[in-house]
Each structure stands twice: as structure tokens, then as C-alpha cells.
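Step one of this worksheet: look at the structure below.
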Amino acid sequence: MKNENLVPKVRFKGFSDPWEQRKLGELFNERKEKSSQGELLSVTINSGIVKFDTLARKNNSSADKSNYRVVRYGDIAYNSMRMWQGASGLSMYNGIVSPAYTVITPRTNTDAGFMAVNFKRKSMIQVFQRNSQGLTSDTWNLKFPVLKNIRISIPKITEQQIITELFTVINNLIAANEDKLEQLKTLKKLMMQKIFSQEWRFKGFTDPWEQRKFSELFFKSKLKNNSLFSSDKIISVATMTWKKPDASRSSDDYMKTYNIAKMGDIVFEGHTTKEFANGRFVENTLGDGIVSHIFDVYSPVMKLDLFYWKYFIHNERSIGPLLKRSTTNARMMSNLVERDVLKQFLPVPSSTEQSSIGHMLHLIDNLIAANEDKLNQLKKLKKYLMQNMFV
């Protein structure tokens, strides 16, 4: 039974020996070398060891760096006061770190990459927390004299190295997908900025956009629910998803007060944020349903391109000035004034150009969603393997 506890649930073919229990002091030495010379590095919880100048942080490091600790490629460094939060990482650089960090270097038959992944596991972080010393979490610290007595389970060096290779591939895939996702979001933001300002046009479109009154495009809907829709058709305006009904607010009488929002309607959400200073419009692309009576609903006068208006009406650069002229401010909330918004003007391209713009932005959104899904799957895979490939 004891040996069974030292065998991981998921394992590479060809490995069957139980893992060995060893003290960390048998696997690592503390690097006590100090220097004021070298590139300044930092240990982060999410990204491990990074070059300090890549962080958007103010440099509060001491002018006198004579006590700074040397880090070599292949070392593991950790924040002695944040090891219980997972602030550790494998160094891919030579440099120096603050004296608040502890630097450890692997002994023979210890793969630093394997150990770096192991140190990030939830169960290991809990062990580090139990062994951290101090009266409160603000003062907890884990120095090497205590760390070296912590016992862990490890396989032979060959299996360590294969596990390291696997997690290196997964981490590289995650990083690549994160980078691609960020590029797609930047592309979408740039496209919306340039297209809605008419700086960029699709080939074949040269006519200036027509100035149309808001009242020519939308009218305020007065449709109340009156029991037409049940609680499973409540729309979350914030996320444009079906909302789980609130038991305290889903009585038949209360549901009658909800406003009907049909597909293609635009809903005004008055909550002010840093991104939306005067509230925002959100188009209903989900389906016919209902929204709380606190939201104003405007319906299109004629059939409009669904995708184009989804992006245009929600774009702060385009709609922000209109809302500023059409809202009154309350605490953390803007109220839309119907008579004011209806007389505002909007630049409107032809229906054909609307279709081209909407289709393109919708494709980018689909790419973003696909990459987000792939990224989430990779992170779930990594989490699963961290839970099941270790003892």
C-alpha cells in the first residue's frame, strides 16, 4: 500500500518503479553567491522568473546591490515571503535578484525543470504554506534551512526529464496561444478604430457615410413581458447570455414588468465604467427574450445588418459622444434621455458595406473565441497533468 501511494495515476509507458521520498536538501543546494553586477530579474507568481525591465513596475530596488543574490541559468529562485503563494520559477537567464529571494541550484540526478513544475502544484504550495514561519500571512517566510527539510516524492532522473519535456511543450503552446489571442484582440481593436472612423474602407466603397438621425434608425420599445416569456428567457445584458433566474425576482407579477428585447434590438446599460463613461448600448444577438425594466430597449425601424450594428453600437469611440449628449448622470449610473438620443446623428454606410464590415468583425470574433477555447483546453490539460503525473 505504501508503494502504491508513491506511484502517479498518469505515467509514461515504460516507467513502473515507485517514486522515492527525498528531502529537498538532498536535491538542492542554496546558492549564496552575491553580486551587484548583472541583469535584474524578478520572480512572479504567474510567469516565474522574468527580466525586470519587461514588467510595468517602478524600479524600487536598492541603489546598493552588493547584497543581491546571483541567479544562474537552470537555478530555481523563489520569493521567501511568497513561496506559499507560488512565487517561484526556473531561471532561463543569468542575473541577480533581491535579497528577499532564495536561490537554489539542483544537485546531480535532480532535474530543475521537473522540480519547478512540482513547486507550482497546489498540494506543494500548501506544503510550503504549512512550513512558512511567521505570525501572520504578511510575515510568513520560507528560508532554505526550513525548505531543505521538506520531504517530497520524485522519480528517477530519466522520468523527471521526460516530464519536463512534456510541460515545456505545453507551456510553449499556452504562451503561443496567449500571444496569438492578444494579437487578434489588438487587430480587432485596430480594425474597429480605423473602419468606424472611415480611415479604412473596403475596396469598391468610396461614398461618404450618410448622416442619419437616431430616430430614423431606432425607436424606443414599449413592449412589456406580460407573461409572454418565462424566467428561462431572461437575458444578461452584460454578457449577452441567458441568465439564471433569481428566485426572489422571478414571480409571475414581477416578471410582467420586464421589457421585451427582440433579436436585433439594442439595450442601454447605464452602468458607467472606465471603458464606457456614459453607459453603453448592447445589441441583442442572442434571441427574443426579456430584460429587467431598468434597461431601455430600442428597436430598429427597418431591418439592419445584425453583425455590423453589434460592433458599431457598442463601440465607445463611435457612440460615446452621442451618449454624452443624451444621458444624465446619477451615482455610478447614466440615464438615457429618450428625446435627446432620438435627435442625435449617426454616420451610416450602405447596407452592402455594413454587411462586409460586420462579416469581417464577426470572423475575427470567431477566431478569438476559437483561440480562447483552445487556450482553456490547454490550461485544463496542464492542470490535469499537474494533479495526476506527480505524487
Side-chain angles (χ1 to χ4, degrees), residues 22-152 154 160 164 167-168 171 175 386 390:
R22 306 281 293 278
K23 287 185 178 181
L24 286 175
E26 300 175 64
L27 306 174
F28 289 96
N29 292 317
E30 182 178 13
R31 188 183 291 282
K32 297 183 178 181
E33 184 181 353
K34 297 179 181 179
S35 176
S36 60
Q37 304 299 313
E39 184 163 22
L40 186 61
L41 306 176
S42 185
V43 181
T44 67
I45 291 175
N46 294 323
S47 302
I49 297 178
V50 298
K51 295 180 179 181
F52 184 85
D53 60 13
T54 64
L55 300 172
R57 292 184 192 171
K58 182 179 178 181
N59 190 343
N60 293 317
S61 61
S62 171
D64 178 12
K65 293 183 171 58
S66 57
N67 283 323
Y68 274 54
R69 298 180 179 274
V70 171
V71 179
R72 304 289 183 195
Y73 180 96
D75 287 349
I76 289 177
Y78 68 88
N79 187 327
S80 304
M81 297 187 70
R82 291 289 180 265
M83 188 60 157
W84 60 276
Q85 292 178 317
S88 66
L90 174 67
S91 182
M92 308 309 292
Y93 316 101
N94 294 319
I96 57 174
V97 292
S98 162
Y101 296 143
T102 298
V103 181
I104 55 179
T105 183
R107 293 186 176 189
T108 305
N109 293 329
T110 303
D111 185 86
F114 167 84
M115 296 303 299
V117 175
N118 204 348
F119 284 179
K120 291 288 191 178
R121 295 171 57 237
K122 184 177 180 179
S123 58
M124 277 303 307
I125 290 173
Q126 290 171 343
V127 171
F128 295 144
Q129 181 177 340
R130 289 196 298 270
N131 284 274
S132 293
Q133 299 177 324
L135 296 177
T136 66
S137 59
D138 289 336
T139 60
W140 287 347
N141 71 84
L142 184 61
K143 299 291 187 180
F144 187 71
V146 177
L147 179 88
K148 70 179 183 180
N149 290 315
I150 295 175
R151 300 183 70 87
I152 68 165
I154 63 167
Q160 291 180 45
T164 296
F167 278 93
T168 298
N171 286 334
M386 289 181 75
F390 294 82

Practice task
I would like to know whether E39 and D53 meet side-chain contact (heavy atoms from CB on, under 4.5 Å); could you show each step before the answer?
Solution key: CA-CA 9 Å; E39 184 163 22; D53 60 13; 4.0 Å; yes

Practice task
State, yes or no, whether a side-chain contact exists between S98 and Y68 at a heavy-atom distance under 4.5 Å.
Solution key: yes

Practice task
Give a yes or no on whether the backbone of P106 and the side-chain of T110 come within a donor-acceptor separation of less than 3.5 Å.
Solution key: no

Handout entry: Point-to-point distance, once rounded to the nearest 0.5 Å, from CD1 of I49 to OH of Y93
Key = 9.5 Å

Exercise for the section: Begin from the C-alpha positions of L41 and K51 and carry the test side-chain contact (heavy atoms from CB on, under 4.5 Å) through to its verdict. Expected result: CA-CA 5 Å; L41 306 176; K51 295 180 179 181; 4.2 Å; yes

Exercise for the section: First locate atom CD of Q85, then atom CD of Q129, and finally report the distance between them rounded to the nearest 0.5 Å. Expected result: 9.0 Å

Exercise for the section: Have a look at L24 and tell me which of V146, I104, L147 forms a side chain to side chain contact (heavy atoms under 4.5 Å, CB included) with it. Expected result: L147

Exercise for the section: List the atom of R31, the atom of D75, and the distance in Å for their closest heavy-atom pair. Expected result: NE-OD2, 2.6 Å

Exercise for the section: Without swapping roles, check the side chain of N171 against the backbone of F167 for a donor-acceptor pair under 3.5 Å. Expected result: yes

Exercise for the section: For the pair K148 (side chain) and L27 (backbone), establish whether a donor and an acceptor sit closer than 3.5 Å, ignoring hydrogens and angles. Expected result: no

Problem - Side chain R22, main chain I154, donor-acceptor under 3.5 Å - result: no

Exercise for the section: Identify the heavy atoms of M83 and I125 that sit nearest to each other, and give their distance. Expected result: O-CG2, 4.4 Å

Practice task
Taking all heavy atoms of N67 and all of P99, pick out the closest pair and write down the distance.
Solution key: O-CG, 3.5 Å

Practice task
Indicate yes or no for a side-chain donor-acceptor contact from K120 to the backbone of S88 under 3.5 Å, with no hydrogens or angles considered.
Solution key: yes

Fill in the blank from the handout: d(N94 CG, I96 CD1) to nearest 0.5 Å is 12.0 Å

Exercise for the section: Give the minimum heavy-atom separation between L90 and G74, together with the two atoms involved. Expected result: CD1-O, 3.6 Å

Practice task
Quick one: closest heavy-atom pair of E26 and R107, and the distance?
Solution key: O-CD, 3.3 Å

Handout entry: Whether W84 and W140 hold their rings parallel, tilted or perpendicular, with breakpoints at 30° and 60°
Key = perpendicular

Exercise for the section: Report yes if some heavy atom in the side chain of I150 is under 4.5 Å from a heavy atom in the side chain of K23; otherwise report no. Expected result: no

Exercise for the section: To the nearest 0.5 angstrom, please state how far the OG1 atom of T102 sits from the NZ atom of K32. Expected result: 10.5 Å

Exercise for the section: Report yes if the side chains of F390 and M124 come closer than 4.5 Å at any heavy-atom pair, otherwise no. Expected result: no

Problem - Heavy-atom pair of closest approach, residues M386 and R121 - result: O-NE, 3.0 Å

Exercise for the section: Could you tell me the separation between the OG atom of S137 and the CZ atom of R82, rounded to the nearest 0.5 Å? Expected result: 7.5 Å

Practice task
For S66, check side chain to side chain donor-acceptor pair (under 3.5 Å) against everything at least two apart and list the hits.
Solution key: D64

Practice task
Check for a donor-acceptor pair, side chain of Y78 on one end and backbone N or O of F119 on the other, with a separation under 3.5 Å.
Solution key: no

Exercise for the section: Measure from the side-chain N and O atoms of E30 to the backbone N and O of F144, and report whether any donor-acceptor pair falls under 3.5 Å. Expected result: no

